[in-house]
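Below is one structure, written out as structure tokens; comments come after it.
This one's a predicted model, so the numbers in the text were calculated from it and none came from an experiment. In what follows, every chain begins at residue 1, and chains take the letters A, B, ... in the order their sequences are listed.
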Amino acid sequence: AQSVTQLDSQVPVFEEAPVELRCNYSSSVSVYLFWYVQYPNQGLQLLLKYLSGSTLVKGINGFEAEFNKSQTSFHLRKPSVHISDTAEYFCAVSRGSNYQLIWGAGTKLIIKP
Amino acid sequence: NAGVTQTPKFRILKIGQSMTLQCAQDMNHNYMYWYRQDPGMGLKLIYYSVGAGITDKGEVPNGYNVSRSTTEDFPLRLELAAPSQTSVYFCASSWDGDSGQPQHFGDGTRLSIL
């Protein structure tokens, strides 16, 4: 069965510092990969997705993620975070259909001033 | 543009009561979903619908029911509320079931069963 592991439940980082949020998945078949962001008291919104092609994917708000098939990882990065990036970030994996999404437990990004 | 609208935003129920969580979308999306989000865990799919009149179970359907009489609306019904159903519930929609299509989420309903 597929699973998604977000290795850190919380990541504190100083404002303007770089950040990496880690996501590993288990699957023996090709998958689609997603990062969603949830701002406080809001629903989730799509940050970026990998379906095929270039392994470096750029998303909204300056975030990017790299698909690494050999390490089954899809880590999210941003070179310089802002206080407005305070949110919870969810990694999700699918084998093809939206109702087959498997979600990670989420990583809370805490920005320190 | 409203997107996905969920009501109510908060609710406290007593054990054994019933209620309906409302969800409406104005994007003419075919697919709609109900998730629950528990602390420290990822989203779990309760039910989904691929179009009006068609629904199917997700990963955690027990204790819930849904209907989809129109494209716009996808209510979730709790018949006999139990403490284990205390959670945050999210409704989402997408144009179709292809994973290339993003899901659009409502702001959630925070439900406590006491």
Worksheet entry | Pair A/Q42-B/F105, side chain to side chain contact (heavy atoms under 4.5 Å, CB included): steps then yes or no | CA-CA 9 Å; A/Q42 294 185 26; B/F105 285 80; over 6 Å; no
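- Closest heavy-atom contact between A/A105 and B/G40: CB-O, 3.3 Å.
- Of the listed residues (A/G106, A/G43, A/G104, A/S9), the one with the most heavy-atom contacts under 4.5 Å to chain B is A/G43.
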Practice prompt. Please lay out, stage by stage, how A/N41 and B/R110 fare under the test side chain to side chain contact (heavy atoms under 4.5 Å, CB included).
Written response: CA-CA 10 Å; A/N41 298 314; B/R110 284 153 183 78; 3.8 Å; yes
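- Proximity to chain B (any heavy atom under 4.5 Å) is shown, for A/Q6, by neither the backbone nor the side chain.
- Under a hydrophobic clustering in which Ile, Leu, Val, Met, Phe, Trp and Tyr are joined whenever their side-chain heavy atoms come within less than 4.5 Å, directly or via other members, A/Y25 and A/L47 fall into the same cluster.
- Neither the backbone nor the side chain of B/Q6 comes within less than 4.5 Å of any heavy atom in chain A.
- A continuous path of Ile, Leu, Val, Met, Phe, Trp and Tyr side chains, each step under 4.5 Å between heavy atoms, connects B/Y47 with B/L78, placing both in one hydrophobic cluster.
- Contact of the A/L101 side chain with the B/L43 side chain is not registered, since no non-hydrogen atoms from C-beta on lie closer than 4.5 Å.
- More than 12 non-hydrogen atoms from other residues, nucleotides or ligands lie less than 6.0 angstrom from NZ of A/K112.
- Under a hydrophobic clustering in which Ile, Leu, Val, Met, Phe, Trp and Tyr are joined whenever their side-chain heavy atoms come within less than 4.5 Å, directly or via other members, A/F67 and A/Y32 fall into different clusters.
- By the 4.5 Å heavy-atom criterion applied to side chains, B/Q103 and A/F34 are not counted as neighbours.
- Within 6.0 Å of the OH atom in A/Y39, the count of heavy atoms belonging to other residues, nucleotides or ligands exceeds 12.
- Within the model, atoms NE2 of B/H104 and CG of A/L44 stand 12.5 Å from one another, a figure rounded to the nearest 0.5 Å.
- Two different hydrophobic clusters hold B/F90 and B/V60 under the rule that ILVMFWY side chains link at heavy-atom gaps under 4.5 Å.
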Fill in: Verdict with supporting geometry, B/Q37 and A/Q38, side chain to side chain contact (heavy atoms under 4.5 Å, CB included)
CA-CA 12 Å; B/Q37 182 184 34; A/Q38 183 181 28; 3.1 Å; yes
